[in-house]
Amino acid sequence: MKLPPHLTIKNGHLHIGGHDCVSLAETYGTPLYVTSEDRILDRFRNYQQALSSRYSKVQVLFAAKANGNLAIMRVLAQLGAGADVFSSGELLLALESGIPAKKLLYNGSSKTKSDLALAVQHDAKISVDSLDELHQLDGVARKAGKVAEISFRVNPALDVPTHPKIATGLATSKFGIPHNQIPAAYEEALTCKNIKPVGIHCHIGSQILDVEPFARAAKVMVDIARELSGMGVNLEFLDLGGGLGIPYHHDTDPAPTPEDYANAVMPVFLAGIKAAGITPELWVEPGRFLVADSTLLLTRINSVKSAHKRFANVDAGFNLLVRPAMYDSYHEVIVANRADAPLVTEFTITGPICETGDILAADRKLPEIASGDLIAVLDAGAYGYAMSSQYNGRPRCPEVLIHGNEVALMRRGETLADLTCTMVRPPWHY
């Protein structure tokens, strides 16, 4: 299996950033998320460089939904990242991490008035998803005595090669305003006294391994930008969203790089803004690409058994990594304490959850394994812990961050007491 450079095999053990996964599991227990800070730094710098080498006014926004750990967001903030946030919680996490409000875009199709008020209070830019939301926001900003800076989210009606549940730019998607209705939306925004249109925004989907759809989306966006400019809208930024995928099948998936993305998108963007006579900032929103392969989920084998197939039952399930159950997603797995042993027997790796669908990896060739062996689930840094739960009354596991020779907790593991700490007894219960 092809491994990214921060994963190596030494003396039969899988290492991440030079740290022995077996030792990490012995120190912190399992299940355990382990993240390489250095890998995230490299991925961000590569993405930033690929775009800024072609156009100086680039702002990379981290898609906070992918991984909301403050330690990770602080690292990205120190590199100059902004953030695409999708809730009041993500907004406050981004601010606490040190990302300035001017680099935040509050996105989403169903914001409450309290969400809008918080964004206005902190002067975050807001991606407006409907005319109903526009007028609600105008009222919220008026009440606060402020002017809200907005973009509209464009639905470009593009089919993209990804799972339908994460294709967000389809004509049938719940997100955004149809692209042919966008000019009228901006006309209406210009009539609102407490609204200032400053940008335009789209997002076509996630885990896209072909860069051509991004170029098509860029063409839709610059064409609209040209029309808006002619209407007198001063576009300070044009946000093309995120969505660049990673090779979950390490040996067979294409692995588009930020350079590939830039080669496809930047000529379209640059030609379009030149034709429009504008020089807006280019905003992009990578999430998965920056953090997914930085992280392993380490999980211990509780038992093995033979039934209609051979099963390895581990201590992590879809309570900690829901992607395989939710999307039929594929994650590579390695027996971390026998990483160079021959792959001789097919196993299905299953979790402890009371659902038949609690399968982390089906029908994988592994070494001969036994209770106590350690499984590493790769590429777990995006939508792993971020989508975890306490289902079946299982506390969530700790997260560890490594940087050079250093290693430290970045989130403690939950305890059984954490399961009930937010619960209250109704007064009629004794």
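Excluded from the calculations below are hydrogen atoms, water molecules and symmetry mates; all remaining heavy atoms, backbone and side chain alike, are included. Numbers for residues simply follow the sequence, beginning at 1. It should be emphasised that the depicted structure is a prediction, and the values quoted were computed from it without experimental measurement.
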Exercise. Quick one: do Asp418 and Arg412 make a salt bridge, cutoff under 4.0 Å?
Worked result: yes
Exercise. For Gln207 and Tyr327, does a side-chain donor sit closer than 3.5 Å to a side-chain acceptor?
Worked result: no
Exercise. Under a 4.0 Å N-O cut-off, is there an ion pair linking Lys65 with Glu90?
Worked result: no
Exercise. Just checking, Arg54 and Phe269: is the charged tip under 6.0 Å from the six-membered ring centre and within 45° of the axis?
Worked result: no
Problem set entry | Within-4.5 Å side-chain heavy-atom neighbours: Leu134 and Leu137 | no
Problem set entry | Shortest non-hydrogen contact from Val400 toward Met410 | O-CE, 4.1 Å
For this session: Scan side-chain atoms only and decide if Ser206 and Arg288 contain a donor-acceptor pair under the 3.5 Å cut-off.
Result: yes
Problem set entry | Whether Asp315 side chain and Arg300 backbone form a donor-acceptor pair below 3.5 Å | yes
Exercise. Are any side-chain N or O atoms of His203 and backbone N or O atoms of Gly242, one a donor and one an acceptor, separated by less than 3.5 Å?
Worked result: yes
For this session: Look at the aromatic rings of Phe214 and Tyr261 and report parallel, tilted or perpendicular, splitting at 30° and 60°.
Result: perpendicular
Exercise. Of the non-hydrogen atoms in Asn69 and Glu399, which two are nearest, and what is the gap between them?
Worked result: ND2-OE1, 2.8 Å
Exercise. Between Leu92 and His122, is any pair of side-chain heavy atoms under 4.5 Å apart?
Worked result: yes
Exercise. At their closest point, which heavy atom of Lys125 faces which heavy atom of Lys102, and how far apart are they?
Worked result: NZ-O, 3.4 Å
Exercise. Between Asp115 and Ser88, which heavy-atom pair has the shortest distance, and what is it?
Worked result: OD1-OG, 2.6 Å
Exercise. Which heavy-atom pair separates Asp239 from Met221 by the least distance, and what is that distance?
Worked result: O-CE, 3.7 Å
Exercise. Would you say Lys274 has more than 12 foreign heavy atoms packed within less than 6.0 Å of its NZ?
Worked result: no
Problem set entry | Non-hydrogen side-chain atoms of Glu281 and Glu236 separated by less than 4.5 Å | no
Exercise. Side-chain donor-acceptor pair under 3.5 Å between His6 and Ser36, yes or no?
Worked result: no
Problem set entry | Within-4.5 Å side-chain heavy-atom neighbours: Leu3 and Met1 | yes
Exercise. Hey, does the side chain of Asp358 reach the backbone of Phe318 with a donor-acceptor pair shorter than 3.5 angstrom?
Worked result: yes
For this session: For the pair Phe289 and Tyr47, name the ring-plane relationship: parallel under 30°, tilted 30 to 60°, perpendicular over 60°.
Result: perpendicular
For this session: Indicate yes or no for a side-chain donor-acceptor contact from Asp129 to the backbone of Gly176 under 3.5 Å, with no hydrogens or angles considered.
Result: yes
Exercise. Between Asp20 and Lys10, is the closest basic N to carboxylate O distance under 4.0 Å?
Worked result: no
Exercise. Do the side chain of Ser53 and the main chain of Ala50 share a donor and acceptor less than 3.5 angstrom apart?
Worked result: yes
Exercise. Which heavy atom in Ala225 sits nearest to a heavy atom in Leu238, and how many Å separate them?
Worked result: CB-CD1, 4.0 Å
For this session: Look only at the side chain of Asp251 and the backbone of Lys2, and say whether a donor-acceptor pair between them is shorter than 3.5 Å.
Result: yes
Problem set entry | Whether Tyr33 side chain and Leu320 backbone form a donor-acceptor pair below 3.5 Å | yes
For this session: Could you tell me whether Lys146 and Asp123 have a side-chain N and a carboxylate O separated by less than 4.0 Å?
Result: yes
Exercise. Checking Thr299 side chain against Val314 main chain: does a donor-acceptor pair fall under 3.5 Å?
Worked result: no
